[in-house]
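Working notes, beginning with the structure itself.
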Amino acid sequence: MSQRLERGGSCPVRSRLLHQSVDRVTAKDELRQIAYWGDALSEDEAARTLKALVRRTYSAGSYICHRGDRLDAWTGVTQGLVQLGAISAEGKAITIAGVRSGGWFGEGTVLKAEPRKYDMLALRDTTLALVPRPIFMWLLDTSAGFGRFLVHQLNERIGQFIAMVEYDRLHNPAARVARHIAWLFNPVLYPNAGDRIEMTQEEVGLLAGVSRQIANKSLLRLEELGLIKVDRGSIQVLDVEALGQFDG
DNA sequence: TCATTAAATTGTT
DNA sequence: AACAATTTAATGA
């Protein structure tokens, strides 16, 4: 389990940026490179958040935390791919959703100061940015912009959970694959997501809970239908809407 | 710039 | 799970 921890101030890129032009590169600009919601913050709020940000890296296949662990920080994926999973009532492991770079999660858990309800697994080498609970709560109390952002985020989360009830009925592997990919292109959760994602077919399989062979067949089928374009090591989404609706 | 090799990814059985 | 084919990355002439 290789985990490295860096405090905010020690990041070489960040300090270089600061020295280049103190009056032009604002904390907001800097924060925005890591977190798109930095837009909603004031310069002062952004500066304080930046200072408290903690970065961690995880190697592929390692657990970030298990269900029941305490991780009192709001979590953003800077690079990589994280799988949120849980154990069903029958004791089967199920994937809830994947989170790709640019995504933030765990707000519900941090708000209520609860133990984590899910397992978090790094599907590939991953870098996380953590906003410690005190700063998160401070932002929520002080920043109107952050509050607005968080309402949108939570609202979208509810939609995702509702969609998951539907997902349970899907037994067609191609439909499951389609749904998981579509979720990675949610315009609210990933406002800067373009139309392609770097992902191998093996990672698609891990995420959707199917074998690599099935993932391969499913992707080729979705490509035939004109929903996606499969390239080596990446997938381009041509019709997110239809991809999310596809049910076999 | 090109050739060689190793590693990663994909398609198939 | 294993295998072959294909693509990419890295290396050095």
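So that the names make sense, note that chain A is the first sequence line, chain B the second, and so on, each numbered from 1.
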Problem set entry | Any residue meeting side-chain contact (heavy atoms from CB on, under 4.5 Å) with N172(A), in chain and number order, not counting sequence neighbours | A174(A), A175(A), R221(A)
Protein-nucleic acid N or O pairs under 3.5 Å, nucleotides 9-13 of chain B:
{"from": "dT9(B)", "atom 1": "O4'", "to": "R232(A)", "atom 2": "NH2", "distance (Å)": "3.2"}
{"from": "dT9(B)", "atom 1": "O2", "to": "R232(A)", "atom 2": "NH2", "distance (Å)": "3.2"}
{"from": "dT10(B)", "atom 1": "OP1", "to": "G233(A)", "atom 2": "N", "distance (Å)": "3.0"}
{"from": "dT10(B)", "atom 1": "OP2", "to": "Q201(A)", "atom 2": "N", "distance (Å)": "2.8"}
{"from": "dG11(B)", "atom 1": "OP2", "to": "Q201(A)", "atom 2": "OE1", "distance (Å)": "3.2"}
{"from": "dG11(B)", "atom 1": "OP2", "to": "Q201(A)", "atom 2": "NE2", "distance (Å)": "2.9"}
{"from": "dG11(B)", "atom 1": "OP2", "to": "N216(A)", "atom 2": "ND2", "distance (Å)": "2.2"}
{"from": "dG11(B)", "atom 1": "N7", "to": "R212(A)", "atom 2": "NH1", "distance (Å)": "3.4"}
{"from": "dG11(B)", "atom 1": "O6", "to": "R212(A)", "atom 2": "NH2", "distance (Å)": "2.7"}
{"from": "dT12(B)", "atom 1": "OP2", "to": "K217(A)", "atom 2": "NZ", "distance (Å)": "3.3"}

With no hydrogens and no angle check, is any side-chain donor or acceptor of [X] less than 3.5 Å from a backbone partner on [Y]?
X       : Y       : value
D239(A) : L227(A) : no
E156(A) : V188(A) : no
T95(A)  : L207(A) : yes

Problem set entry | Listed partners of E107(A) passing salt bridge (Lys or Arg N to Asp or Glu O under 4.0 Å), at least two apart | R157(A)
